[in-house]
2 protein chains.
Amino acid sequence: MNLKPLSGVPAPVQDATRHQLLEAAGAVFAEVGFRNATIREICRRAGANVAAVNYHFGDKETLYAELLRYSQQKAFAKYPPLLGVAADAPPEEKLGAFVRSFLLRIFDEGSIAWFGKMMSREMVEPTRALDSLVAERLRPMADLLRSIVAEILGRSPQDEAVRLCCFSVVSQCVFYHHCRTMISRLFPEQRLDASAVEPLAGHIARFSLAAMKHLPDPETQRSKPGSARRRRH
Amino acid sequence: MNLKPLSGVPAPVQDATRHQLLEAAGAVFAEVGFRNATIREICRRAGANVAAVNYHFGDKETLYAELLRYSQQKAFAKYPPLLGVAADAPPEEKLGAFVRSFLLRIFDEGSIAWFGKMMSREMVEPTRALDSLVAERLRPMADLLRSIVAEILGRSPQDEAVRLCCFSVVSQCVFYHHCRTMISRLFPEQRLDASAVEPLAGHIARFSLAAMKHLPDPETQRSKPGSARRRRH
DNA sequence: TGACATGTCAAACGATTGTTTTAATTATTT
DNA sequence: AAATAATTAAAACAATCGTTTGACATGTCA
């Protein structure tokens, strides 16, 4: 019986097969998702035997989980949530950076985009691998956005209005994750590559800031001083 | 050799097995998606034999396509895109109805929600059945929203700003399609049932209207009279 | 009743999948 | 060089899937 190497320990990089499996798996998983991906196709692309995945990673699910972490670190290393913006910058500037980094991670090409594509599928069909990702990366991201929006609105991060505005901001970003198919069908004039990041990020930031600065208040909330009171028909 | 009935002709409703297969398939497809769904599970729930799907529908894909149309008609019959709003109502009111109907279709329970759940998966993993759906239902919806937003912005429906604002509006709605999993993990205080429709629809409409009425203009666009000019840092 | 189309059923087919086995090969250490 | 561990390779295993088959039941119409 073969003893498999303990996964999790930092393997020497010279382990070429293992690394090529990761790279091949990234392309395949990002393209067709966890369930549709076949170990045979991954191994074919990696130039390895069918048994290679089980030898190096144990099983398909572990390979997937390890890849999700790998691609996440790669994407956030290149595009951190606030890019280079200083911690004491005005919240409007932080929001712009948050949005731009989000889109940059989506529209980058090759291995950087793996994480986004895998996340799109995790939303609809979560894997066990999602749990640790939420705790380590996604929850801090959510808290960061909450604090930015809270500062812009002048409210507590736990406020309902803050939560709803976070949804509004994030939703406009993930939209270009999930709905690429539909966008290119219904709006073929919309570019969906790296050149689209600046105009889209600019729009989302402007749209959201304009909304938050001029949001009328429903009955249950207090008005921000200076903003117009209620516009209804 | 058995001759299968021509699918597409309006079958007499007394065909009990066929109808029960549709109902069972709706639950299964909406729950686990096309690929994860098994004919055996569908037939089990319908109380039918494994061969029933092939006899009544030809194959799994045809059953899925027929169900997608079936569930779409059901959902839009109950919640049309503008609900009851008059054709000459102000665009702000139409936008509110558009958003509300969208969320109602998402958060309704049972068979009405099938369509939304199936669409979530179609976004990430399109089926051939999507093509006709786009032409018959989704494109008219997109054109409707485009005309509403164009009227609010006072621009042509082909204007880039109109397109981007359509994205912003729709994205906030479909967000509650795709990201339910993540929302309930990161914001467990957010309700995600029918009782959430009114507050969410209200927020999305207010947020979007406030944004569109106070949107500063980037270089490439003309300013709307009365709105503040540019706010950048 | 007999002929025939319609619908249902149990069983099997053929293909694909993740995984395992077992032997051969390569690399490393003694 | 010999011995031992690590890695690769071909083949098969076991399970699942969509689909088909052919027998059987049911209903309809002559």
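Residue numbers start from 1 in every chain, and the chains themselves are labelled A, B, ... in the order their sequence lines are given, proteins ahead of strands. This one's a predicted model, so the numbers in the text were calculated from it and none came from an experiment.
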Give each protein N/O atom lying under 3.5 Å from an N/O atom of nucleotides 14-16 of chain D, with the pair distance.
none

Grab the [atom1]-[atom2] distance between [X] and [N] for me, whole Å please.
X: A:E61; N: C:dT19; atom1: CD; atom2: C1'; result: 14 Å
X: B:L21; N: D:dT19; atom1: CG; atom2: P; result: 14 Å
X: A:I42; N: C:dT19; atom1: CD1; atom2: P; result: 11 Å
X: B:F34; N: D:dC17; atom1: CZ; atom2: P; result: 14 Å
X: A:R18; N: D:dT8; atom1: CZ; atom2: P; result: 12 Å
X: B:R44; N: D:dC17; atom1: CZ; atom2: P; result: 12 Å
X: B:D15; N: C:dT6; atom1: CG; atom2: C1'; result: 10 Å
X: A:N49; N: D:dT7; atom1: CG; atom2: C1'; result: 11 Å

Between [X] and [Y], is there a donor-acceptor pair closer than 3.5 Å when you use the side chain of the first and the backbone of the second?
X: A:S184; Y: A:T181; result: yes
X: A:T38; Y: A:E41; result: yes
X: A:N49; Y: A:A52; result: no
X: A:R18; Y: A:H56; result: yes
X: B:N54; Y: B:G58; result: yes

Would you mind classifying the nucleic acid contact of A:A52 as base, sugar-phosphate or nothing, using non-hydrogen atoms under 4.0 angstrom? nothing
For the side chain of [X], counting heavy atoms from C-beta on, which of [options] is nearest?
X: B:A51; options: D:dT21, C:dT19, C:dT20; value: D:dT21
X: B:N54; options: D:dT21, D:dT19, C:dT19; value: D:dT19
X: B:T17; options: D:dT19, C:dT8, D:dT8; value: C:dT8
X: A:Y55; options: C:dT6, C:dT19, D:dT8; value: D:dT8

Taking the side chain as everything from C-beta on, heavy atoms only, tell me whether A:F34 gets closer than 4.5 Å to A:R121. no
Between B:H56 and C:dT8, is there a contact of a side-chain N or O with OP1 or OP2 at under 4.0 Å? yes
Comparing nearest nucleotides in DNA chain C, the 5'-proximal residue of the pair A:R40, B:R40 is B:R40
For B:Y176, which residues count as a ring pair (Phe, Tyr, Trp, His ring centres under 6.0 Å) partner, sequence neighbours excluded? A:F167
